[in-house]
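Read the structure below first, then the notes.
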Amino acid sequence: ANKARLRWTPELHDMFTRVVEELNGPEKATPKAILKKMGVKGMTIYHVKSHLQKFRIHVKSPNPSSRSKMTIHARNKEAAAAAAAMAEPE
């Protein structure tokens, strides 16, 4: 099997994270569904499978890195922005 190396850029990882969330989290999301939703040219099920495994371990780890904190912070900011937008009168 010719497995080309894939560099997970922050953009690709963010896209992956969003797709995983849309698919109800890392435990529910399947590599096939993630691959289809991401629709990235040249990305294979193998790339997604191994990234998902690492992601599941990372998400479970009791010591969240600054990256997870950043993601949580960004999500809180988005939630706050969405709440503010909903509260705005027409």
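Numbers for residues simply follow the sequence, beginning at 1.
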Quick one: list whatever passes salt bridge (Lys or Arg N to Asp or Glu O under 4.0 Å) with K37, sequence neighbours left out.
E22

Classify the angle between the aromatic ring planes of H51 and W8 as parallel (below 30°), tilted (30 to 60°) or perpendicular (above 60°).
parallel

One pair to check against side-chain contact (heavy atoms from CB on, under 4.5 Å): F55 and T17. What are the steps and the verdict?
CA-CA 9 Å; F55 186 70; T17 308; 4.0 Å; yes

Are K28 and L23 close enough, and set up right, to give a side-chain contact (heavy atoms from CB on, under 4.5 Å), and what steps lead you there?
CA-CA 7 Å; K28 294 265 192 318; L23 295 166; over 6 Å; no

Please determine whether side-chain contact (heavy atoms from CB on, under 4.5 Å) holds for the pair L52 and I34, giving the CA-CA distance in whole Å, both sets of side-chain angles, and the decisive distance to 0.1 Å.
CA-CA 9 Å; L52 182 59; I34 295 168; 4.0 Å; yes

Just to verify, which of L12, V48, T44 counts as forming a side chain to side chain contact (heavy atoms under 4.5 Å, CB included) with L6?
L12

Verdict with supporting geometry, T9 and D14, side-chain contact (heavy atoms from CB on, under 4.5 Å)
CA-CA 9 Å; T9 61; D14 287 345; over 6 Å; no

Distance col, row M38:CE vs R18:CZ, nearest 0.5 angstrom, shows 9.0 Å

Tell me the closest heavy-atom pair linking P31 and K49, and the distance in Å.
CG-CG, 3.9 Å

Counterpart residues, side-chain contact (heavy atoms from CB on, under 4.5 Å), relative to T30 (two or more places apart)
K32, A33

Taking only residues at least two apart or on different chains, which pairs with a member in residues 20-40 satisfy ring pair (Phe, Tyr, Trp, His ring centres under 6.0 Å)?
none

